[in-house]
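These numbers come from a predicted model, not from an experiment. To find a chain, count down the sequence lines: A is the first, B the second, and so on, and within it residues start at 1.
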There are 2 protein chains.
Amino acid sequence: MSTIREVAKLAGVSPATVSRVMNGEVPVADDTRRRVEEAMQRLGYRPNSFARSLASNRSDCIGLVISHLAGPFMGTLMVNLEERLRLHQKSLLVASGHNELIREQESIDFLMSRRCDGLLVQSDRLHDDVLVALAAQIPLVVINRRVPGLESQCSYVDNQQGGYLATRHLIEQGHRHIACITGPRWKQDATQRLAGFHQAMEEAGLSVPEGAVVEGTWQESSGREAVDTLRRRGLPFTALAVGNDDMAIGAMLHLKELGLSVPEDVSLVGFDDEVYAHYVTPGLTSVHVPVDRMAQAASGRIMSLAYDAPWQGPLCFSTHLVERGTVAPPSSAHVTPC
Amino acid sequence: MSTIREVAKLAGVSPATVSRVMNGEVPVADDTRRRVEEAMQRLGYRPNSFARSLASNRSDCIGLVISHLAGPFMGTLMVNLEERLRLHQKSLLVASGHNELIREQESIDFLMSRRCDGLLVQSDRLHDDVLVALAAQIPLVVINRRVPGLESQCSYVDNQQGGYLATRHLIEQGHRHIACITGPRWKQDATQRLAGFHQAMEEAGLSVPEGAVVEGTWQESSGREAVDTLRRRGLPFTALAVGNDDMAIGAMLHLKELGLSVPEDVSLVGFDDEVYAHYVTPGLTSVHVPVDRMAQAASGRIMSLAYDAPWQGPLCFSTHLVERGTVAPPSSAHVTPC
DNA sequence: AATAAGCCTGAAAACGATTACATCAATGGC
DNA sequence: GCCATTGATGTAATCGTTTTCAGGCTTATT
């Protein structure tokens with residue numbers, strides 16, 4: 001493996017000049033540049049990234065902490081992040097939080113000890129103030145979450161607007177008795193979606209009876225259980241606004257097992273618009289989340305923070321409703337299906 | 001940020017000794033070790049990974065090339081890889097091939113220029129000989145593919161056995177007219193699964209008529225199209241062995257639209273056992289692929305190649321059938337449903 | 001023609017670890 | 001009691017860049 005010195009020698013210049021040719025900030029005479037480039041070519045020169053980092057104190061790496069790598073839209077997230085970063089010759093160093101607070105913290109420590117130039121963090125568990133403190137130490141962008149006081153470094157989706165959209169759609173179809181299956185309360189996206197539900201109900205002058213909101217775990221199974229819970233509580237409902245697609249599908253399959261049909265007896269709206277949302281019959285109406293745009297914004301923002309790249313654009317994205325087959329007007333016969 | 005020299009000074013030893021304490025290969029007196037550790041603690045010392053890499057010519061990074069990051073089991077794959085590597089304080093550098101040959105090659109170049117200590121490659125497009133040549137340059141483990149001459153560096157699933165399992169299951173249920181929807185011919189896993197199909201058919205003395213095998217694209221839509229193709233060809237079939245779950249679900253939904261019921265009129269077996277395989281009704285019977293074990297083996301193997309870590313274990317894993325509701329004996333009335 | 005203002009380039013000092021080699025003391029075998 | 005071995009440590013070279021500083025050469029300004 002050849003070094004910058006060998007290239008310099010072959011081109012008849014100093015190592016400094018070779019460095020300048022590579023980094024292209026400082027002006028270099030055309031003739032010199034050509035000679036250096038030719039020499040690099042001839043030797044198949046590859047700059048040593050360790051030496052470069054040591055001298056420049058830059059790693060050209062961006063760290064990514066994901067609370068759960070196998071989660072729903074992590075694939076889409078990573079594709080978009082990786083693509084954008086690589087355009088700028090930056091690498092993506094990935095660490096998983098494995099769904100545990102302590103491991104998320106460890107991941108951050110790990111990536112910091114690797115001296116990443118910036119950090120992208122997708123985490124529900126870390127406290128707001130931990131993130132604020134972190135942002136003071138290193139260029140940071142928070143993904144899929146809004147941290148008060150750090151708005152300009154958070155790329156996220158307007159989950160409340162999504163919840164509102166889903167619920168208003170049900171209301172517009174004539175539903176008055178709408179229950180809600182929400183995600184874990186400690187997750188920001190879950191509570192925001194729930195807030196949107198309440199907002200739409202209130203706006204329509206509809207009351208949300210005690211017990212009409214059931215907390216699930218995001219898992220399909222908890223969607224099934226939530227249906228049982230609602231029935232046990234004896235609450236009448238003709239529609240369900242559900243916090244994500246998995247729970248919605250769980251609820252839907254379970255309703256069918258109970259002999260109720262969707263959307264005739266119960267209408268349903270999911271959230272996330274997963275690829276498999278239309279695998280159920282009828283296809284699940286759901287709220288689409290623009291993960292790709294969120295990821296692109298996050299990478300743009302981290303580039304601007306870590307490398308002063310020019311950047312502008314929104315950091316908060318709104319959702320839209322994808323109508324399939326799980327919503328219909330309530331049949332008057334079924335206003336009280338339980 | 002403090003340096004090794006400051007630690008050495010505070011502990012009253014030489015930098016070399018501090019280095020030895022950190023790396024722990026060479027013996028250090030207990031008393032000295034304690035003093036050094038205390039000094040590191042006091043200063044909050046973090047070794048500079050750039051300097052370390054430059055001097056030791058090791059990056060402690062493993063590169064991962066994924067042909068398509070958002071693909072089906074990439075999440076599971078990455079969780080397991082990351083976890084194992086981090087146990088050994090190694091980082092995972094991720095690059096995506098974005099489903100194009102040229103970008104896969106670029107990804108490899110990119111990771112090589114980063115001087116990763118080893119490479120994990122999941123690719124269908126790169127030629128066998130490219131991979132063999134690559135393995136001569138850098139510790140390499142190929143994921144989900146068997147490269148002739150590189151068997152000891154490939155972690156993969158026995159797709160043929162899986163295809164065999166699926167087809168034999170259909171045969172055992174009494175099916176005689178079985179069609180197959182396969183993935184793209186140029187993908188090794190697709191052809192292997194198809195080979196398993198042929199093996200089972202042959203073993204049972206069943207012929208595979210011309211046109212009974214339709215090539216799809218792995219996408220759900222191509223499953224639908226394949227059903228049309230088969231019907232257009234006028235081939236009688238009572239069962240379908242399908243190359244993956246998405247196409248299987250596409251076929252299933254389309255059969256229903258055509259007024260055929262599953263499994264009464266047509267039985268179906270998918271492949272991959274995706275989380276959403278049971279979202280369709282009835283749940284899709286499918287072949288389970290042990291991605292986690294494949295990933296664990298891959299990380300163990302790359303550790304052994306790149307860092308001489310002890311390692312042993314299998315690199316080829318077999319699948320098993322997960323029975324749900326899409327397979328039943330053929331009803332004699334429907335031997336020729338088309 | 002003298003001076004100033006750019007350009008372009010080279011010399012050399014970082015950057016902060018690892019590691020080959022040397023040293024010295026303590027131990028053990030004979 | 002001598003020599004060889006082993007263990008613990010220090011010295012100093014090394015890894016391959018980037019970057020500061022200084023200087024030489026052009027060109028423009030007066």
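The CD atom of A:Q153 lies 7.5 Å from the CD1 atom of A:I302; values are rounded to the nearest 0.5 Å. Rounded to the nearest 0.5 angstrom, B:Q105 CD and B:L126 CG are separated by 5.5 Å.
Within the nucleic acid shown, A:N23 comes within 4.0 Å of sugar-phosphate atoms alone, with no base atom in reach, counting heavy atoms only.
In summary, the side chains of A:S59 and A:D117 do present a donor paired with an acceptor at a separation below 3.5 Å, with no hydrogens or angles considered. Between the side chains of B:E104 and B:H98, no donor-acceptor pair is found at a separation under 3.5 Å. Side chains of A:N23 and A:R52: a donor-acceptor N/O pair is present below 3.5 angstrom, by distance only.
One atom, CE of A:M22, and another, C1' of D:dG16, lie 9 Å apart when rounded to the nearest Å. Spacing between atom CG of A:N57 and atom P of C:dC15 amounts to 10 Å, rounded to whole angstrom units. The separation between A:R58 atom CZ and D:dT17 atom C1' is 11 Å, rounded to whole Å. Regarding B:M1, its CE atom lies at a distance of 21 Å from the P atom of C:dA14, rounded to whole Å. Distance CZ (B:R20) to P (D:dA8): 11 Å, rounded to an integer number of Å. Distance CG (B:D30) to C1' (D:dG7): 13 Å, rounded to an integer number of Å.
For the contact set between residues 4-13 of chain A and DNA chain C, defined by any heavy atom under 4.0 Å, the members are A:G12, A:V13. Within residues 45-54 of chain B, the residues having any heavy atom closer than 4.0 Å to DNA chain D are, in order of number, B:L54.
Shown here are the side chain to side chain donor-acceptor pair (under 3.5 Å) partners of A:T3, two or more places apart in sequence or in another chain: there are none.
Side chain of A:S19, nearest nucleotide from D:dT9, C:dT18, D:dT19: D:dT19. Checking C:dT9, C:dG10, C:dT18 against the side-chain heavy atoms of A:S14 singles out C:dG10 as nearest. Candidate nucleotides D:dA8, C:dT9, D:dG16 were compared by shortest atom distance to the side chain of B:A29, and D:dA8 ranks first. Which of C:dA12, D:dT9, D:dT17 sits closest to the side chain of A:A16 comes down to C:dA12.
A:L87 CG: more than 12 foreign heavy atoms inside a 6.0 Å radius.
In terms of position along DNA chain C, the nucleotide closest to A:P27 lies nearer the 5' end than the nucleotide closest to the other residue of the pair A:P27 and A:P15.
The two residues A:F317 and A:S155 have their closest heavy-atom pair at CE1-OG, 4.0 Å.
Salt bridge A:D124/A:K187: present, at least one basic N to carboxylate O contact under 4.0 Å.
Side-chain nitrogen and oxygen atoms of B:T17 include none within less than 4.0 Å of the OP1 or OP2 phosphate oxygen of D:dT9.
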